[in-house]
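What follows is a single structure, written as structure tokens, with notes after it.
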Amino acid sequence: PLGVHDDLWYYRDVPDEAPLPVTHTLLHRDEHLVVIHKPHFLPTTPGGRFVQETALVRLRNELGLDDLVPLHRLDRATAGVVMFSANPATRGAYHLLFERRAVAKTYEAVALLPDAPDDGARRPGAPADPVLGRFPLTVRSRIRKDKGVLRSVVEEIPPAASGRRAGAPVRTRRANRPHAGANAESRVELLGVGVSAGALAGRRVAHLRLTPRTGRTHQLRIHLAALGLGIAFDPFYPDLLDLAPDDVTRPLQLLSRSLRFTDP
């Protein structure tokens, strides 16, 4: 039995938790923050079949910081910048930055392009590649993630709630204040187009910069798939693929490039 003011910490063991063949890189450390580059396939926090092989537990063991906690999360499949709080006394100030959307997040992705149409099949005056002619653009939608379900769901937005201008404040649901409008917004910019080598076997690809204004689960993956530009090696969107062992030669081509904020 626990008393009123007792805390219980339970660390479960995962049988046969094999070391992951990926390595994180320390980018910054001070008395308040620890920032790393998280590799593909490494979870940010414990869950499912991963406990020791997570960025959080690795860093706690490596740096001897039992109070370390993540200030945000990346999917296991996504690589890039992740920031942790090392000081409980200042943690609230950093949590408040994320709550107020005062942290600018920038991602990059490699997406597969549809095959370019033959010149003879293209209408006179039509752009050579209509997919690429749309950028830069802003994608807005309503995304719902249900517990225990692998993929997020895109919900229909009623016409009365869909006519707001791009760049307007995106509302999020608060207690007793449901709404029917968009709750996810991403800006997508084209950085370049090329032909890939290696695992993509000569496919045409687009290099994209993604700037999310909100942080719904799988938001960037959903938004690019909706444009017909699914991220290379994405097993969830646009189609859910059968579960398969990790293939380190085919990581999801999504990278958290930077975090920008005014340090409180």
Side-chain angles (χ1 to χ4, degrees), residues 1-20 24 26-39 41-78 80-105 142-153 155 169-180 183-184 212-219 256 259 261-264:
L2 294 176
V4 175
H5 299 291
D6 291 339
D7 293 321
L8 174 65
W9 293 90
Y10 171 62
Y11 296 91
R12 63 188 179 86
D13 292 325
V14 176
D16 303 321
E17 186 179 5
L20 293 173
H24 62 272
L26 184 65
L27 301 177
H28 173 81
R29 180 184 178 184
D30 60 31
E31 62 179 311
H32 305 290
L33 297 174
V34 173
V35 186
I36 67 166
H37 170 87
K38 185 191 80 66
F41 304 111
L42 181 69
T44 303
T45 56
R49 55 194 172 98
F50 301 101
V51 175
Q52 296 297 322
E53 288 301 297
T54 60
L56 176 60
V57 176
R58 278 189 180 186
L59 288 171
R60 283 179 174 176
N61 294 334
E62 174 185 326
L63 304 177
L65 297 175
D66 292 338
D67 288 327
L68 197 70
V69 300
L71 291 167
H72 63 114
R73 289 170 173 78
L74 291 182
D75 291 340
R76 187 171 86 89
T78 305
V81 179
V82 184
M83 188 162 67
F84 298 79
S85 166
N87 186 345
T90 59
R91 184 167 299 151
Y94 291 103
H95 276 308
L96 199 59
L97 287 179
F98 285 90
E99 181 180 333
R100 293 178 174 174
R101 296 182 186 152
V103 179
K105 303 176 183 178
R142 180 168 182 80
I143 297 174
R144 186 188 81 241
K145 179 65 170 68
D146 297 325
K147 187 174 181 179
V149 179
L150 288 176
R151 300 205 305 174
S152 294
V153 175
E155 297 181 326
V170 177
R171 296 159 56 190
T172 56
R173 185 178 66 182
R174 298 181 181 275
N176 300 321
R177 292 176 58 189
H179 70 91
N183 63 0
R213 294 187 64 240
T214 55
R216 314 302 296 189
T217 300
H218 296 168
Q219 173 178 320
S256 170
L259 298 173
F261 58 94
T262 299
D263 196 320

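Computation of the quantities below employed the complete heavy-atom set of this structure, encompassing side-chain atoms and omitting hydrogens, waters and symmetry-equivalent molecules. All residue numbers refer to positions in the sequence shown, counting from 1.
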>> Taking salt bridge (Lys or Arg N to Asp or Glu O under 4.0 Å) as the cut-off, I'd like each qualifying pair that reaches into residues 57-70, sequence neighbours left out, listed once.
In response: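 Applying salt bridge (Lys or Arg N to Asp or Glu O under 4.0 Å) to every pair that reaches into residues 57-70, excluding sequence neighbours, yields E53-R58.
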Would you check if the side chain of [X] reaches a backbone N or O of [Y] as a donor-acceptor pair within less than 3.5 Å?
{"X": "E17", "Y": "V51", "answer": "yes"}
{"X": "D75", "Y": "A77", "answer": "no"}
{"X": "K145", "Y": "R216", "answer": "no"}
{"X": "T44", "Y": "R73", "answer": "no"}
{"X": "R76", "Y": "L42", "answer": "no"}

Shortest non-hydrogen contact between [X] and [Y], atoms and distance:
{"X": "Q219", "Y": "P212", "answer": "NE2-CB, 3.7 Å"}
{"X": "L20", "Y": "F41", "answer": "CD1-O, 3.4 Å"}
{"X": "T214", "Y": "A184", "answer": "OG1-CA, 3.1 Å"}
{"X": "V82", "Y": "K38", "answer": "CG2-CB, 3.8 Å"}

> Does the pair R29 and L65 meet the rule for a side chain to side chain contact (heavy atoms under 4.5 Å, CB included), with working shown?
Replying inline: CA-CA 12 Å; R29 180 184 178 184; L65 297 175; 4.0 Å; yes
> Could you go step by step and tell me if I143 and T217 meet the side chain to side chain contact (heavy atoms under 4.5 Å, CB included) rule?
Replying inline: CA-CA 8 Å; I143 297 174; T217 300; 5.9 Å; no
[Y] and [X], any side-chain heavy atoms less than 4.5 Å apart:
{"X": "F50", "Y": "T45", "result": "no"}
{"X": "E31", "Y": "T90", "result": "no"}
{"X": "L97", "Y": "L71", "result": "no"}

> With sequence neighbours left out, what residues match H72 under ring pair (Phe, Tyr, Trp, His ring centres under 6.0 Å)?
Replying inline: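 Partners of H72 under the ring pair (Phe, Tyr, Trp, His ring centres under 6.0 Å) test: F98.
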> Under the side chain to side chain contact (heavy atoms under 4.5 Å, CB included) criterion, do F84 and I36 qualify, and how do the steps go?
Replying inline: CA-CA 8 Å; F84 298 79; I36 67 166; 4.0 Å; yes
>> For the CG atom of D146 and the CZ atom of R151, what is their distance to the nearest 0.5 Å?
In response: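 The CZ atom of R151 is 12.5 Å from CG of D146, to the nearest 0.5 Å.
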> Between atom OG1 of T78 and atom NE2 of H218, what is the distance when rounded to the nearest 0.5 Å?
Replying inline: 7.5 Å
>> Assess the residue pair V35 and V81 against the criterion (side chain to side chain contact (heavy atoms under 4.5 Å, CB included)); give the C-alpha distance rounded to whole Å, side-chain angles, the decisive distance to 0.1 Å, and a yes or no.
In response: CA-CA 7 Å; V35 186; V81 179; 3.6 Å; yes
